[in-house]
Amino acid sequence: RDFVITVQHGAILGALSVVYLFTIKERQNYSRLSLLITFILYIFITYGTRELHKRELRRQMETGVKQTLFIVTSRDMVGDVIANMKDHNYARYKLAGAAVIDDDQVGRSYHDVTVVANKDNVVTYICHQWVDEVLIVISDHVAYPQKLINQLAETGVTVHLNLAKASDLPGKKQFVEKVGNYTVLTTSINCASARQILAKRMMDIAGGLVGCLLTGIIFIFVAPAIYISSPGPIFFAQERIGLGNKPFKMYKFRSMGVQDPKKEAKEWTTKNDVRVTPVGRIIRKTSLDELPQFWNVLKGDMSLIGPRPERPLFVEKFKEEIPRYMIKHQVRPGITGWAQVNGFRGDTSIRSRIEHDLYYIENWSLGLDIKILFLTFFKGFVNKNAY
């Protein structure tokens, strides 16, 4: 069927080209054989490209995908919803489990997907298992789960609600799309088009390449000073929480003496901290210690612009204390961000920092990213709270 459609498209394009040449009276300047060969090649190259794309989709379906989808449904629909998603998934999601909100079916399996939560613990499960998106499909006789949806919105996950149950959902952005075979109303803190996401990633790659080159030059001068000040490794890696609540290793130039990683992970850096070396104070004050994070940007763990990533211990602490804290993990963390250029860096108010991070996410645009980059050059490198 694809091949027939491709041939038809090629024939129409060829006919329009001939009509165009006839209209501008240039057909005598073009070889008919060359035109015929061109359109034959066009048909086969187009068809071949489509087949390669479908082969890649099949490969993704066999090897799995990064996005995880959690299903929230009712007792009488759980089997049908899971089967539907398996049949119409098309390599978009990895099914992370299911919850039944009108019955306790924890432990039961439907089509190799296990029910792992009920109405009382579904939000807790989603937070701890780092689920990316949630699909809610419930039958008409089950009460509308408004409280549950509000709680899910605060965790930062993207929520898809079957339109049969949709009405006045919380969230800044809402749009209709297809998930599996269901038409859903999707609620997310912000939505970017594929072009915007690609443009941001291209900006990250370009900035990452320039940043890595700059890091290499600075390394020649900084590395000997770090080692002389405190013998040991030049670079320092620390686990942080990034996009989708997933951990990654964030890199810095080492600014402290070598210490027990378990002890270090539990402590903030404070003013006049004895752990910071003399050279470390200089590179922290001028933000030179952050330069190796350009490698994280190139890898895709981080972005040039975004909320600063935090250590797992503090994520667990802040998500219990600060409303909507987990929303910051809907985007890639950044080397600099809206909070940092507004002075909220180091030992400053966590709540104010999160408010600025949420403002950035809710109002994100490429223009805002460029503005933050511009402000970083003028007041983001040296900061009185960086110690």
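Owing to the predicted nature of the structure, the values given are computational and were not obtained by experimental measurement. Residue numbers run from 1 in the order of the sequence given.
- Residues Ile43 and His9 have side chains not in contact (no heavy-atom distance under 4.5 Å, counting atoms from C-beta outward).
- For the pair His160 and Leu69, the minimum side-chain heavy-atom distance is below 4.5 Å.
- Within 6.0 Å of the NZ atom in Lys371, the count of heavy atoms belonging to other residues, nucleotides or ligands does not exceed 12.
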message: Checking Lys328 against Phe318 for the side chain to side chain contact (heavy atoms under 4.5 Å, CB included) test, could you report, in this order, the C-alpha distance in whole Å, the side-chain angles of both residues, the deciding distance, and whether it holds?
response: CA-CA 12 Å; Lys328 67 178 287 185; Phe318 295 148; over 6 Å; no
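- Summarising the geometry, atom CE belonging to Met302 is positioned 8.5 Å from atom CZ belonging to Arg240; distances are rounded to the nearest 0.5 Å.
- For residues 97-106, every residue pair satisfying the side-chain hydrogen bond (donor to acceptor under 3.5 Å, both in side chains) rule, not counting sequence neighbours, is listed here: Asp103-Gln105, Gln105-Tyr110.
- With hydrogens and angles disregarded, no donor-acceptor distance shorter than 3.5 Å links the side chain of Asp80 to the backbone of Met77.
- Atom-to-atom distance recorded for Leu33:CG and Ile37:CD1 is 4.0 Å, nearest 0.5 angstrom.
- Of all the heavy atoms in Ala117 and Phe70, the pair that sits closest is CB-CZ, 4.5 Å.
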Let me have the donor-acceptor pairs involving side chains of residues 202-229, under 3.5 Å, with sequence neighbours excluded, atom names and distances please.
| from | atom 1 | to | atom 2 | distance (Å) |
| --- | --- | --- | --- | --- |
| Asp204 | OD1 | Ser303 | OG | 3.0 |
| Asp204 | OD1 | Leu304 | N | 3.1 |
| Asp204 | OD2 | Ser303 | OG | 2.8 |
| Thr215 | OG1 | Gly211 | O | 2.7 |
| Thr215 | OG1 | Leu291 | O | 3.2 |

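- If you take CD1 on Ile327 and NE2 on His329, they are separated by 11.5 Å, rounding to the nearest 0.5 Å.
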message: The test is side chain to side chain contact (heavy atoms under 4.5 Å, CB included); show your working for Arg281 and Arg284 and say whether it passes.
response: CA-CA 5 Å; Arg281 295 192 189 284; Arg284 290 175 77 95; 6.0 Å; no
Under 3.5 Å donor-acceptor pairs involving side-chain atoms of residues 292-299, not counting sequence neighbours:
| from | atom 1 | to | atom 2 | distance (Å) |
| --- | --- | --- | --- | --- |
| Gln293 | OE1 | Arg308 | NH1 | 2.8 |
| Gln293 | OE1 | Arg308 | NH2 | 3.4 |
| Gln293 | NE2 | Glu290 | OE1 | 2.2 |
| Asn296 | OD1 | Tyr251 | N | 3.1 |
| Asn296 | ND2 | Lys249 | O | 2.8 |
| Lys299 | NZ | Asp301 | OD2 | 3.4 |

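- A search for ring pair (Phe, Tyr, Trp, His ring centres under 6.0 Å) contacts involving Phe248 returns nothing, not counting sequence neighbours.
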query: Is there a side-chain hydrogen bond (donor to acceptor under 3.5 Å, both in side chains) between Arg254 and Ser230 once you walk through the steps?
result: CA-CA 9 Å; Arg254 184 170 60 86; Ser230 173; 3.0 Å; yes
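- To the nearest 0.5 Å, atoms CD (Gln330) and CH2 (Trp364) are separated by 13.5 Å.
- The backbone N or O of Val100 lies less than 3.5 Å from no partner atom in the side chain of Arg75, so there is not a single donor-acceptor pair.
- Criterion: ILVMFWY side-chain heavy atoms under 4.5 Å apart, direct or through other members. Under it, Leu358 and Tyr360 are part of a common hydrophobic cluster.
- Scanning both residues, Gly306 and Gln340, for their nearest heavy atoms gives O-OE1, 4.4 Å.
- Counting heavy atoms from C-beta on, the side chains of Ile138 and Asn162 never come closer than 4.5 Å.
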For a quick test of your reading: what N or O donor-acceptor pairs under 3.5 Å do the side chains of residues 10-19 make, sequence neighbours left out?
| from | atom 1 | to | atom 2 | distance (Å) |
| --- | --- | --- | --- | --- |
| Ser17 | OG | Leu13 | O | 2.8 |

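- Here the closest non-hydrogen pair linking Lys86 and Val113 is CE-CG2, 3.8 Å.
- When hydrophobic clusters are built by joining Ile, Leu, Val, Met, Phe, Trp and Tyr residues whose side-chain heavy atoms come closer than 4.5 Å, directly or via intermediates, Phe39 is grouped together with Phe3.
- Under a hydrophobic-cluster definition in which Ile, Leu, Val, Met, Phe, Trp and Tyr are linked whenever side-chain heavy atoms come within less than 4.5 Å, directly or via other members, Leu373 and Tyr359 are assigned to the same cluster.
- A 4.5 Å side-chain heavy-atom check between Pro309 and Ile241 finds every atom pair outside the cut-off.
- Salt bridge absent: Lys94 and Asp132 never bring a charged side-chain N and a carboxylate O closer than 4.0 Å.
- Contact record, Pro307 with Ile361: CG-CD1, 4.3 Å, taken as the closest heavy-atom pair.
- Proximity of Ile136 to Leu152: side-chain heavy atoms (C-beta onward) are separated by under 4.5 Å at one or more points.
- A donor and an acceptor atom, one from each side chain of Ser139 and Asp76, are located under 3.5 Å apart.
- For the pair Ile354 and Ile350, the minimum side-chain heavy-atom distance is below 4.5 Å.
- Taking each heavy atom of Val78 and Val115 in turn, the nearest pair found is CG2-CG2, 4.3 Å.
- Note on Lys319 versus Glu316: salt bridge recorded, some NZ/NE/NH1/NH2 to OD/OE distance being below 4.0 Å.
- In this structure the side chain of Leu135 never reaches within 4.5 angstrom of the side chain of Tyr93, judged on heavy atoms.
- In the hydrophobic clustering of this structure, Phe44 groups with Val7; members are Ile, Leu, Val, Met, Phe, Trp, Tyr whose side-chain heavy atoms approach within less than 4.5 Å, directly or through other members.
- Considering all non-hydrogen atoms of both residues, Ala96 and Val131 come closest at CB-CG2, 4.4 Å.
- Crowding of Arg50 atom CZ: a count of heavy atoms from other residues, nucleotides or ligands under 6.0 Å not exceeding 12.
- Once rounded to the nearest 0.5 Å, the distance linking CE of Met85 with OG1 of Thr73 reads 12.0 Å.
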message: Would Val122 and Val134 count as a side chain to side chain contact (heavy atoms under 4.5 Å, CB included) here? Give the steps.
response: CA-CA 11 Å; Val122 59; Val134 176; over 6 Å; no
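- Both Ile335 and Leu366 are part of a single hydrophobic cluster, where members link through side-chain heavy atoms under 4.5 Å apart.
- Taken from CZ in Arg1 to CD1 in Ile5, the straight-line distance is 6.5 Å, to the nearest 0.5 Å.
- Between Trp338 and the options Ile305, Asp369, Asp357, Ile372, a side chain to side chain contact (heavy atoms under 4.5 Å, CB included) holds for only Ile372.
- Applying the side chain to side chain donor-acceptor pair (under 3.5 Å) rule to Thr114 yields the partners Ser109; only residues at least two apart in sequence or on another chain are considered.
- Considering only heavy atoms from C-beta on, Phe253 comes within 4.5 Å of Phe235 through its side chain.
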